[in-house]
Amino acid sequence: MTELGPLDWPPAPLRTERLVLRASEARDRAAFIELFASPKVGTYVGGARPRAELERAVPEMPGRRSGLFVIDLDGAMIGMVTLDRRGAECPGHVRPEAEEAELGYMLLPQAWGCGYAAEACTAVLGWFADAHPGEPVVLCTQTANEGHVPGSGHVEIEVPEPGTHPYPRPHAP
């Protein structure tokens with residue numbers, strides 16, 4: 001996946017009823033490490049990364065790139081939402097030229113089950129719709145992520161045939 005492309009980045013923080021979606025800051029480093037080292041989070045994204053590796057690799061100012069929003073609850077990072085370009089090599093495109101925007105999100109386990117993912121993704125999708133009118137966005141998830149598959153009541157997505165979508169590991173900040 002590639003970054004979203006030329007944008008005025010970062011945008012002004014997006015505010016919802018409970019959250020702020022913002023660019024990353026140095027104070028988010030520990031939360032990024034926890035997110036990528038978490039075995040629970042890793043279940044859905046290709047596995048957790050070793051904490052020692054992340055401590056060495058994650059920069060002091062992690063996640064500073066276009067398309068990455070930190071999910072902030074009461075001044076603390078609880079996760080992230082990303083928008084990246086879906087490469088032509090990936091299956092499941094909604095337009096012939098591919099390169100659709102692909103929505104991704106990861107939350108720390110203590111933030112699961114509170115509706116934060118839906119709230120954050122809705123805000124980011126609204127921002128994207130304003131910045132790129134009429135452009136499609138795709139979302140892929142593993143069927144193991146039972147709360148976020150069709151019929152779950154959380155999101156409605158098209159699930160590709162089993163084995164047809166490589167679930168790439170999100171890149172660390």
Side-chain angles (χ1 to χ4, degrees), residues 1-25 28 32 35-36 41 44-46 61-73 77-107 111-173:
M1 281 187 248
T2 59
E3 288 189 24
L4 210 47
L7 296 169
D8 287 332
W9 195 264
L14 309 176
R15 297 183 188 285
T16 70
E17 184 176 324
R18 302 178 294 172
L19 306 171
V20 176
L21 291 296
R22 59 171 174 77
S24 66
E25 301 172 355
D28 301 321
F32 272 109
L35 193 60
F36 282 90
V41 174
Y44 305 106
V45 295
M61 182 72 81
R64 291 298 267 188
R65 66 174 184 83
S66 65
L68 190 149
F69 292 86
V70 164
I71 305 171
D72 182 310
L73 175 66
M77 178 181 167
I78 62 166
M80 66 181 196
V81 176
T82 58
L83 286 166
D84 294 292
R85 291 284 167 206
R86 185 169 173 73
E89 71 281 0
C90 296
H93 293 282
V94 295
R95 60 184 189 185
E97 66 274 19
E99 296 296 318
E100 301 92 344
E102 182 171 5
L103 180 73
Y105 58 93
M106 296 169 60
L107 279 83
W112 294 1
C114 299
Y116 297 135
E119 189 173 330
C121 289
T122 298
V124 169
L125 288 170
W127 169 83
F128 185 81
D130 289 344
H132 299 272
E135 187 170 335
V137 177
V138 297
L139 167 67
C140 296
T141 191
Q142 291 187 11
T143 55
N145 193 353
E146 294 174 355
H148 294 154
V149 295
S152 69
H154 290 109
V155 294
E156 286 298 323
I157 59 172
E158 181 178 327
V159 178
E161 290 298 314
T164 62
H165 177 54
Y167 294 98
R169 179 182 289 197
H171 47 35

Side-chain (Glu119) to main-chain (Thr16) donor-acceptor, under 3.5 angstrom
no

I'd like to check Val124 versus Tyr105 (side-chain heavy atoms, cut-off strictly below 4.5 Å). Are they in contact?
no

Which residues pass the side chain to side chain contact (heavy atoms under 4.5 Å, CB included) test with Thr122, sequence neighbours left out?
none

Report yes if some heavy atom in the side chain of Asp28 is under 4.5 Å from a heavy atom in the side chain of Arg22; otherwise report no.
yes

Under 4.5 Å between any side-chain heavy atoms of Val70 and Leu21, yes or no?
no

Can you tell me how far CE of Met106 sits from CZ of Phe36, rounded to the nearest 0.5 angstrom?
4.0 Å

Check: Val137 and His132 side chains under 4.5 Å, non-hydrogen atoms
no

Nearest 0.5 Å, what's the CG-CD1 distance between Asp72 and Ile78?
8.0 Å

Minimal non-hydrogen separation, Leu68 against Gly63, with atom names:
CD2-O, 3.6 Å

To check you understand the geometry: which heavy-atom pair defines the closest contact between Tyr116 and Ala111, and what is its length?
CD1-O, 3.4 Å

Any non-hydrogen side-chain atom of Val41 less than 4.5 Å from a side-chain atom of Trp112?
yes

Using the salt bridge (Lys or Arg N to Asp or Glu O under 4.0 Å) definition, which of the options Glu102, Glu135, Glu100 pairs with Arg85?
Glu135

Salt bridge (Lys or Arg N to Asp or Glu O under 4.0 Å) partners for Arg15, two or more places apart
none

Closest non-hydrogen atom pair, Leu14 against Ala123:
CD1-O, 3.7 Å

Distance in Å, Leu125 CG paired with Leu83 CG, rounded so as to fall on 0.5 Å steps
6.5 Å

Which atom names give the shortest non-hydrogen contact between Phe128 and Pro136, and what distance separates them?
CE2-O, 4.4 Å

Euclidean distance, Ile71 CD1 relative to Met77 CE, rounded to 0.5 Å
8.0 Å

Heavy-atom pair with the smallest gap, counting every atom of Pro10 and Ala23:
CB-CB, 3.5 Å

